[in-house]
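Every chain is numbered from 1, with letters handed out A, B, ... down the list of sequences.
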Number of protein chains: 2
Amino acid sequence: MIIQIEPQSDVAIYKQITNQLIEGIARGHLRHGDSLPSVRAFAADLGVNMHTVNKSYHELEKRGIIKIVPKSGAVIEAQTKLLQGSPHAERIQHELKTVIAEALVLGMKTEQLEQELAMIMEDLKHNKQ
Amino acid sequence: MIIQIEPQSDVAIYKQITNQLIEGIARGHLRHGDSLPSVRAFAADLGVNMHTVNKSYHELEKRGIIKIVPKSGAVIEAQTKLLQGSPHAERIQHELKTVIAEALVLGMKTEQLEQELAMIMEDLKHNKQ
DNA sequence: GAATTGTTCTACACTTCATAGAACAAAATT
DNA sequence: AATTTTGTTCTATGAAGTGTAGAACAATTC
């Protein structure tokens, strides 16, 4: 599982880590039940501060993706059903609406969006890069 | 076109304005060719600083949604075709992938995502709230 | 001509981000 | 049993971002 940090990016480092870990899990590089590296080891590996990795882990825990076991480690959570009305589902829904609204405003059509969705699913599910 | 600012939100005010304007355009409350209020008038209306609205407008211009005519006003751009490979298209694509990856990790299924997409489209196109 | 426009500048307070170092107690390893 | 590693917590610092505030400018609009 390779993670690439771009220090010059306008995206915060802890968010880059968070997003790439999520994409790694989605691609199957990391599986449910797997443990993430310790914050110290991961930080040394990435060349960033320990606290930055720690922030990313807590972000992932807040989003229901990992569970941090005190004094032990961070474990990737099992997939839930994502029941409708749950905070996580509503958050996803809201984020999705924001992106789609912008896509529509920029002139993207319904079929184009459906095709885009299909391509992304294909990419995430079968393209392990 | 009513915009509601939540000062306590963890989302920056200028982003709240940006997102709600985009959603307003997607819903048809604002149409292509329409002018946005002057930064001073809008700021007074929202109860925020002029510079905050100005930042939102420049954010919208950077995203290709409005065009700021110096000394005149901000006009909503016409929809382009959003040709593949354009910076705007790639940005949308990237944002979409980020959200979808998280949805998958949380256990959302393909059909659920397609249904979600359809619901959002329906909401944006016909529900003018 | 007067008012309004977006732009630009300085200024201040506050928050966030990233780094750094230290110390702690619990867990894992040897 | 002793050592190492673990996440947590604390202080601290510098840089960047956010939001507000006021002023001035030139161009547009009325």
Side-chain angles (χ1 to χ4, degrees), chain A residues 1 3-22 30 33-77 91 95 98, chain B residues 1 3-22 30 33-77 91 95 98:
Chain A
M1 176 73 212
I3 283 194
Q4 204 67 24
I5 299 298
E6 296 184 27
Q8 309 289 13
S9 169
D10 57 335
V11 180
I13 297 179
Y14 83 94
K15 275 190 185 174
Q16 293 184 43
I17 298 173
T18 303
N19 289 337
Q20 291 189 41
L21 282 177
I22 291 174
L30 297 168
D34 284 358
S35 288
L36 294 180
S38 76
V39 291
R40 281 183 173 89
F42 206 6
D45 189 25
L46 296 176
V48 300
N49 193 274
M50 176 196 76
H51 301 294
T52 306
V53 176
N54 199 38
K55 189 168 188 175
S56 170
Y57 280 12
H58 280 275
E59 179 83 10
L60 287 168
E61 188 178 45
K62 201 171 69 179
R63 296 202 204 171
I65 294 173
I66 69 174
K67 178 168 186 127
I68 299 176
V69 185
K71 312 297 172 189
S72 173
V75 183
I76 300 174
E77 289 265 28
R91 179 169 45 80
E95 290 172 3
T98 303
Chain B
M1 176 72 212
I3 283 193
Q4 204 67 24
I5 299 299
E6 296 184 28
Q8 309 288 13
S9 169
D10 58 336
V11 180
I13 297 177
Y14 82 93
K15 276 191 185 172
Q16 293 185 43
I17 298 173
T18 302
N19 289 339
Q20 290 190 42
L21 282 177
I22 290 175
L30 297 168
D34 283 358
S35 288
L36 294 181
S38 77
V39 291
R40 282 183 173 86
F42 205 6
D45 188 25
L46 295 176
V48 299
N49 194 276
M50 176 197 75
H51 301 294
T52 304
V53 175
N54 199 37
K55 189 167 189 176
S56 171
Y57 280 11
H58 280 274
E59 179 83 10
L60 287 168
E61 188 179 43
K62 200 171 70 180
R63 297 203 204 169
I65 295 173
I66 68 174
K67 179 172 184 121
I68 299 176
V69 186
K71 312 296 172 189
S72 173
V75 183
I76 300 174
E77 289 266 27
R91 178 169 46 80
E95 289 172 3
T98 303

Rounded to the nearest Å, what distance is computed from the CD1 atom of residue B/I13 to the P atom of nucleotide D/dA21?
11 Å
To the nearest angstrom, how far is A/E61 atom CD from D/dG7 atom P?
12 Å
Atom pair distance, as rounded to whole Å: CD1 in B/I17 and P in D/dT18
13 Å
Take atom CD1 of B/I5 and atom C1' of D/dT20, then tell me their distance rounded to the nearest Å.
15 Å
Does any non-hydrogen side-chain atom of B/I5 lie less than 4.5 Å from one of B/Q16?
yes
Please tell me if the side chains of A/L30 and A/L36 come closer than 4.5 Å, counting only heavy atoms from C-beta onward.
yes
Under 4.0 Å between a side-chain N/O of B/S38 and OP1 or OP2 of C/dT5, yes or no?
yes
A correct 5'-to-3' footprint of nucleotides 24-30 of chain C, with B, S and - meaning base, sugar-phosphate only and no protein heavy atom under 4.0 Å, is -BSS---
In whole Å, what is the span from the CG atom of B/L36 to the C1' atom of C/dT4?
17 Å
Quick one: do A/E59 and A/R63 make a salt bridge, cutoff under 4.0 Å?
yes
Are any non-hydrogen side-chain atoms of A/I65 and A/Y57 less than 4.5 angstrom apart?
no
Atom-to-atom span, OH of A/Y57 to C1' of D/dT8 - whole angstrom
15 Å
Rounded to whole Å, NE2 of A/H58 lies from C1' of D/dG7 at a distance of 7 Å
Could I get a table of every N or O pair under 3.5 Å where one atom is in the protein and the other is in nucleotides 9-16 of chain C?
none

Between A/I68 and A/D10, which has a closest nucleotide on DNA chain D that is more 5'?
A/I68
Between A/Q4 and A/Q20, which heavy-atom pair has the shortest distance, and what is it?
O-NE2, 2.6 Å
Can you check whether B/N54 has a side-chain N or O nearer than 4.0 Å to OP1 or OP2 of C/dT7?
yes
Main-chain N/O of B/Y14 paired with B/T18 side-chain donor or acceptor, under 3.5 Å:
yes
Between A/T52 and A/N54, is any pair of side-chain heavy atoms under 4.5 Å apart?
no
Distance check needed: D/dG19 P versus B/E6 CD, whole Å only.
14 Å
Main-chain N/O of B/I68 paired to B/E61 side chain as donor or acceptor, under 3.5 Å
yes
Beyond-backbone contact of A/V75 with A/I66, side-chain heavy atoms, under 4.5 angstrom
no
